[in-house]
Amino acid sequence: MLTCTDVHLHYGASHTLRGVGLKAEKGRVTCLMGRNGVGKTSLLGAVMGMHPVSGGAITWEGDDITRLPTHQRARRGIAYVPQGREIFPRLTVRENLETGFACLPRALRHLPDEIFDLFPVLRDMLHRRGGDLSGGQQQQLAIARALVTKPRLLVLDEPTEGIQPSIIKDIERVIRLLGSRGDMAILLVEQYFEFARDLADDYAVMDRGEIVMAGAAVAMEEAEVRKHLTV
Amino acid sequence: WAADTIKVGILHSLSGTMAISETTLKDAMLMMIDDLNKQGGLLGKQVEPVVVDPASNWPLFAEKARELLEKDKVDVMFGCWTSVSRKSVLPVVEDLNGLLFYPVQYEGEESSRNVFYTGAAPNQQAIPAVDYLMNDLGVKRWVLAGTDYVYPRTTNKILEQYLIDKGVAPADIMVNYTPFGHADWQTIVSDVKKFGSAGKKTAVVSTINGDANVPFYKELANQGIKANDIPVVAFSVGEEELAGIDTKPLVGHLAAWNYFMSEDSPANAAFIKKWHAFTKDTKRVTNDPMEAHFIGFNMWVQAVRQAGTTDVDAVRQAMYGQKVANLTGGVSEMMPNHHITKPVLIGEIQPDGQFATVWQTEGLVAGDAWSDFIPESKKLNADWTYPWVCGNCEKPKFAPLAGM
Amino acid sequence: MGPITRRLIALESKRGWAVLLAVFAFAAVAVPLLNVLLPPDHALHVPTYMVQLLGKFLCYAMLALALDLIWGFAGVLSLGHGAFFALGGYAMGMYMMRQIGERGVYGNADLPDFMVFLNWGELPWYWWGFDSFWFAALMAVAVPGLLAFVFGWLAFRSRITGVYLSIITQAMTYALMLAFFRNEMGFGGNNGLTDFKDILGYSLSADGTKIGLYVATVIALTLAYLVSRFIVGSRLGRILLAVRDAESRVRFIGHSVTGAKLFAFTVSAMIAGVAGALYVPQVGIINPSEFSPAQSIEVAIWAAVGGRGTLFGPILGALSVNGAKSFFTGAAPEVWLFFLGGLFVVVTLFLPKGLVGLASAARRLKRPTLPVTKEEPRNA
Amino acid sequence: MREAHGSILYLDGVSVSFDGFKALNSLSLIIEPGELRTIIGPNGAGKTTMMDVITGKTRPDVGAVLYDGEVDLTKQSEERIAIMGIGRKFQKPTVFENLTVFENLELALAGERRTFAVLFAQLSGTQRDRIAEILATIRLTARAGEKAGTLSHGQKQWLEIGMLLAQDPRLMLLDEPVAGMTDAETEQTAELLVGIAKERSVIVVEHDMEFVRTLASKVTVLHEGSVLAEGSLAHVQADERVIEVYLGR
Amino acid sequence: MSRILAALGVLVALMFAPLAPAHADDAAFAAAVAGLDQKSFPKRAEAVATLGTLGHARTETVLRALADGTLFARKEDRQVVIGRLSGDAYSLSDAATGAPAGSAPSGELAKIIANNQMRGQIQDILGRFLLFSTDAEDRIRAADQVLSNPDASAVAQVRNALKTENEPAVRQRLERALAAALLSGGGTTEERLAAVQTLGNTNEPALRGLIQRTAANDADDAVRAAATSALAAIDRRLVFLDMGQNLVFGLSLGSVLLLAAIGLAITFGVMGVINMAHGEMIMLGAYTTFVVQQAFRAYLPPDLFGLYLVVAVPMAFVVAGAVGVAMERSVIRFLYGRPLETLLATWGISLMLQQAIRSSFGATNREVANPAWMSGAMDFLGLTLTTNRIVIIIFAAAVVLALAAFLRWSAMGLNMRAVTQNRSMAAAMGIPTGRVDALTFGLGSGIAGVAGVALSQVSNVSPSLGQGYIVDSFMVVVFGGVGSLWGTVVGAMSLGIVNKFLEPYSGAVLAKILVLVIIILFIQKRPRGLFALRGRFVE
Ligand SMILES: Nc1ncnc2c1ncn2[C@@H]1O[C@H](COP(=O)(O)OP(=O)(O)OP(=O)(O)O)[C@@H](O)[C@H]1O
Ligand SMILES: Nc1ncnc2c1ncn2[C@@H]1O[C@H](COP(=O)(O)OP(=O)(O)OP(=O)(O)O)[C@@H](O)[C@H]1O
Ligand SMILES: [Mg+2]
Ligand SMILES: [Mg+2]
């Protein structure tokens, strides 16, 4: 289980996360919502160790990972689908996927077929450079790349951005499937309310660097949440 | 100002491209000053070296010279290697009436009241060397290869004129220039080889400068140009440069200087011994510009003693006719044109990195500031003796200096 | 008061002007006075060689300023700025060579000495006109400007950016260096132009001339600074910054990237040319080594040490690096490179914004944003 | 050519290929003045490439791209095209990170473009008001003085839209303008665009069907570089092929 | 004159007995040996000539000693001795008789020095002895000796040698030598015509010169005409040969450029670090070579000396690589994404490294010798290929291929590229970015060090060695297209070749300028280098 307790984060002088607490359990999909600029990405960044937190603790599978460098976290089974795709532009699609091998033992270093079942375009484009793909193709690649690492915690930052509806549906199915398998915790940031609502087992809403609502999805009051999402 | 020491400025690059050559001269100066102090100094005072690093940067030479003269108030400076560094310092020493001893062979065509040239002028190096090749080795075809700057250009111009005067056909002269630090000599060496295969004895007169020599000689060796096929006579390659090259394939190639470390004279043996003791390294070599500094420094010391002061004007006047035993067994004398008399030696490279003298002038040759082979310069006169103060003119130019 | 005047005044804040004036007054008035009025043994006396040294450094500062205009603001790292500097220097050097007249060693009023002894028959055409100071002064600006314009036009039009641009500017200066080394070029080859006697009739060895040149340099630097300030403070300056960040995006909002860069590059080259023209009479020599790529890289180093993109920083950087160099080569001639090299490393690691980073870090506590922009939102 | 006359944008038989891969395949499209057009299509269908062609970023291998019925855009530089009144929001937000939000808008603002003129240009009162208005629209008034680089992803999207508004183009190209926006913001954006389209032509690319519905415009479906279907949203949504390649079941 | 005398002497000697006679006049020989110890070089040369004419059994020994510098005059009695260094002193044997003559320290001996002219004589004399050596190599060398100094006087000997020669390679050489000797005077018209035929299909410049002279000066019209057409044929072939030669020169220059640049293709091309200390990494490699060489000289038997390069390559890689890693960890890693600062910091580091080397090794050049297997030249289809250049071409190719394979196929290679393209995302994929950065930089530096080993073989080793390469290296990497290894290869080769094709026409200085101008113009056409990365991700 991932737990964030009282996480604070600063960019220079600006206090972006102000004591955030969050949990993501294995076998469940935790959805994080909030308006632009409230700190969702920053929180995921804190979980990944992209930016050092200025206070609080993050634990994963019982260990304190607050100060671990990013790649160590990845090696502990945390995979990240960042906002803005962050594809390696000059690596081919295959090579992009293979970067995920870095946290796998040698025996497990192969590309699972499921990935291509989920994103058939990638199979056709294995030799095209990542940077040449269209926006949506890149987004698919980013998700696939995270799955290559066989994660136990999957962190997704607006994974549906720029993806065509039919594939969004596929992604939704996959996330649900992965979530229900029970061995993976999923932390999902999503603006698209219906998508989030349909997927979430748990939810949390952020505003101005704080968690303002949280709980099980079944108990979520849609109107309340929507209020936090409107300006 | 009754300073309690006499200050000697040392203006040699200790970093940058010229450090390769100039660092040694700084060490040599320190050694000689140290030696002098051990013998009781000068005019009852200790001599204090002031070392600066002009870093192979020409404007910095001027800056440092000014600093030495104005801030450190040195009584004399020993320094410079390249002509351009000297040219850069020249206005400064003239402006502030300083004294500079310049120890390197150069292209001539200069005469300054404030500079003493203890290295060779073209007539003390190039012309005798060509004479030797022509008369003793029977060379009929000539390659004049140089780095593209003023010293080689001038020297080659003088030589070309000289050769043509001696009846060499222009077709038998090949002139080639390369950039500074030229590292790829394949084409040129193979051209030389071709040029040399015309059936006439061919020689290369090299004014190739500095770093470029190492790859040049390596290429010569590899393309199999042997000294007895096409000898190369160099004017800028001395013991110091050879120390950086494997000389075994180069045995027999030549150099023309006024001093070789291999000279068999007691003075030289003593000098080398001191040098090895001073540098604590018995492998360190000595070379021609070091000897030039040796002569220049001793002349200056004598002149100061004679004048009883380090005052520049007085010392200058005392310099003329000053005689100093050089390291090759002769006695060099300072001429009124600020050049000295020197023997001209031709040496062949030996496997141990030394030169063996194979020819030398009968007596000593006096340096010419103005070459006889350049029409405009032939008529010029260089004579700085009091009161006819005239360095580059046909008639007196300066009024007698005040107080003299 | 016209809008331009208003903008000129708005270039600096009140404090900015005060500081600028103070520095200017100190440099242009106090330093010469301390030299002339105080006796040489006075503690505050500034010796003439020091004045001359400062003059030389200020020329370097101007060159660094010129580079900052194009590098700091448009992101175009020119590694060939030494070329513009040297060309300006050669223009002035040619004028001073012509001034020597019959006082050359060969007494030939028609030809410079180096041409005489290499047997040149007559003065090459590109030396014509350099008998006139004003022509030379014009050329000192026009030649670098024109070269920059043509070169820049070719390069920017072809969208050569980043290191590619840096390298071709380097190739340019390198090629010019090799060309000027050639004696056939008629610029004195490696020895360059030396042995100058006087400028505008004043003897170069006279203290008065030295101080005059120094003051001229201070004034020129100040003007160059103000011109640069004006440019970077204008909307064009903002476009340059935008070009630095995302060049192609600028095109999509309709601004001409080529035009903006070309303008800055040309102005920058002209400033460098002026710096070179002032430099030569003060150091007494101009030779092709000023074209050497290492020299141009060093200019970038000065700018970086001082703080890129601040105009003032590069000036500070040039002064301090050269001051340090001057000091260390005298004080620790054998090991000074350790000090200088170490200085560069320390500055990068601990002063990421250069020397001015020190000052502005302190100032930022009081002033929240950039001077040019802080007004806008309030009015909006 | 007759068809081109009177249209604001006219694409005919445009093909673009990269190393043999056809990103656009004989694409034809006509936009009328004042029209709002939505373009949808699977990932990789060529939507962004089409915009690249229109704005001069990519040159087509063959085909005609005419603006205003006569200007051949394939012969124009990016600057010229922008000056002629075609503005674009990029799929991946690209703003000038080292300029403030305000300055980003100032540069985009319609007006002087000549190099010497911008050297002396100054903002007039009305221009300032315009920028203020836009800042309010994109809800970045509070951050006007901050460097654009510090904005969050969504805020950069907004800033891009703001820059487009400031540019005041005759033809606006928006590549996924609501990606990363909340549902409420999406709605607002839709309203904004509908408003804008009253005076100028707008082309929007989006995958968000809700948004497309709100726009209530003619929809073009692109697939493998050419037009697959065209018509009202309801019409294309009912098209089997569109469901197959794009919408999914 | 003395040369001809010597030759004549040999001739006489050989006419009496093909191998050196055993009972010549010992007294005359001793006198000639004593004559070597004179101040005047011309006199010494005469003595050498006399030695040649005497054809004494010890002639060869004495002349060899003279050439090798082991012939001395004992200072006290001016006895001419051959000295062999044993310990601090020389053990001596009388030069004239070979009798032991005790030993003496070097101070008591004056070396008898041969000058150029004498060495030439000795070579001629000894060379012709070799025509009858039992070793085919020796005979070829002797024939070449005649060939390079053709002289009418050699005709008889060469004919003699041809009578007994069976080795085809030697025969061919001898025939040419004979032809050359005949053309140099002494041959009949028919013989000369035949000689022109024989030499007409060679390309050696020396022989071309001979034919040219024949075409101009021969007494006989027919011979002149034959020579003229042979000359034309040779010149036609030479045009192609010249092109071939230029190509080889170009490839060789290209390889040097490539080696200098290849490390930079990693640190700058792949990592994006503007590494101004790159040249100093090359320098470190060169100094490592020097140190290894000195160690070999000091501690290992001389016959192993040739292997010092084999040791130097890995050593240089390790030394430069380690310095690179240290540099990366201590400075550069704080500067990623700030290319400006890396420029500044690495410049500072480069200054310090230079000074460090200067302080510890001295400011002057250090001598690095070519091992025997890297010296000399070989003939290939009429092209002279110097061995060290060929080795360098091959070495450069090997380094590039190894590196390309590493980057392409190893996991590390992939990680390197990923890290440099997007550092934080690479970390999120579990790649230890810090280690990868350090190793990448170390690899680039190490390769630069390896390049230093090669460059020490053609160039000088001094503290400012690196400065000489830095500009060219950046030029090559950028011209080829940053980030493309093949670009670097092609860039280096094309610059090398263009330079070498221009040089014969324009001279070295202009060629260099022209190459720079070509780079500037070429970049206009390809603003991102030869092998530009294309695609939508590049702006
Ligand atoms: N690198 C940074 N430097 C300074 N400020 C930053 C930085 N990254 C983000 N911020 C600021 O921190 C705040 C939170 O940003 P964050 O990216 O976490 O928002 P978000 O909730 O993910 O928004 P969005 O939905 O737009 O992606 C924003 O106000 C943003 O401007
Ligand atoms: N430079 C290029 N090199 C190779 N392929 C390219 C290049 N540019 C685009 N493509 C390919 O062209 C196709 C069209 O890309 P484009 O970006 O236009 O798609 P899109 O319709 O905008 O998709 P999305 O909805 O995902 O943004 C894609 O398959 C893409 O991979
Ligand atoms: Mg976000
Ligand atoms: Mg797209």
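Heavy-atom basis, side chains included; hydrogens, waters and symmetry copies ignored. Within every chain, numbering begins at 1; the chains are lettered A, B, ... in the order of the sequence lines, protein sequences first and strands thereafter.
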Let me know if K56(C) has heavy atoms under 4.5 Å from chain B in its side chain, its backbone, both or neither.
-> side chain
Pick one of side chain, backbone, both or neither for N183(C), based on which atoms fall under 4.5 Å of a heavy atom in chain B.
-> both
In terms of heavy-atom pairs under 4.5 Å with chain C, the winner among S377(B), A62(B), P54(B) is S377(B)
Salt bridge (Lys or Arg N to Asp or Glu O under 4.0 Å) evaluation trace for E334(C) with K26(B) = CA-CA 11 Å; E334(C) 319 259 353; K26(B) 180 238 5 176; 2.9 Å; yes
Using 0.5 Å steps for rounding, measure from the [atom1] atom of [X] to the [atom2] atom of [Y].
X	Y	atom1	atom2	result
N190(C)	T147(B)	CG	OG1	10.0 Å
M185(C)	D148(B)	CE	CG	11.0 Å
K71(B)	M50(C)	NZ	CE	7.0 Å
W58(B)	N287(C)	CH2	CG	7.5 Å

Looking at L193(C), D195(C), N191(C), which hits side chain to side chain contact (heavy atoms under 4.5 Å, CB included) with K87(B)?
->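 Exactly one pass, corresponding to N191(C).
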Can you tell which part of F180(B) gets under 4.5 Å to a heavy atom of chain C, answering side chain, backbone, both or neither?
->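 Only the side chain of F180(B) comes within 4.5 Å of chain C.
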Heavy-atom contact with chain C under 4.5 Å, split by part of N57(B) =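 The answer is the side chain of N57(B).
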Go through the steps to decide whether W370(B) and V105(C) satisfy the test side-chain contact (heavy atoms from CB on, under 4.5 Å), and finish with yes or no.
-> CA-CA 10 Å; W370(B) 306 105; V105(C) 294; 3.7 Å; yes
Is there side-chain contact between [X] and [Y], with heavy atoms separated by less than 4.5 Å?
X	Y	result
D95(B)	K210(C)	yes
E67(B)	T329(C)	no
E109(B)	F114(C)	no
P59(B)	E290(C)	yes
Y49(C)	L96(B)	no

Go through L178(C), L53(C), L204(C), T48(C) and name the one with the most non-hydrogen pairs under 4.5 angstrom from chain B.
-> L53(C)
Against chain B, work out which of S326(C), A331(C), G189(C) has the most heavy-atom pairs shorter than 4.5 Å and name it.
->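 That would be S326(C).
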Give the minimum heavy-atom separation between P91(B) and G284(C), together with the two atoms involved.
->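 Result for this residue pair: CG-O, 4.5 Å.
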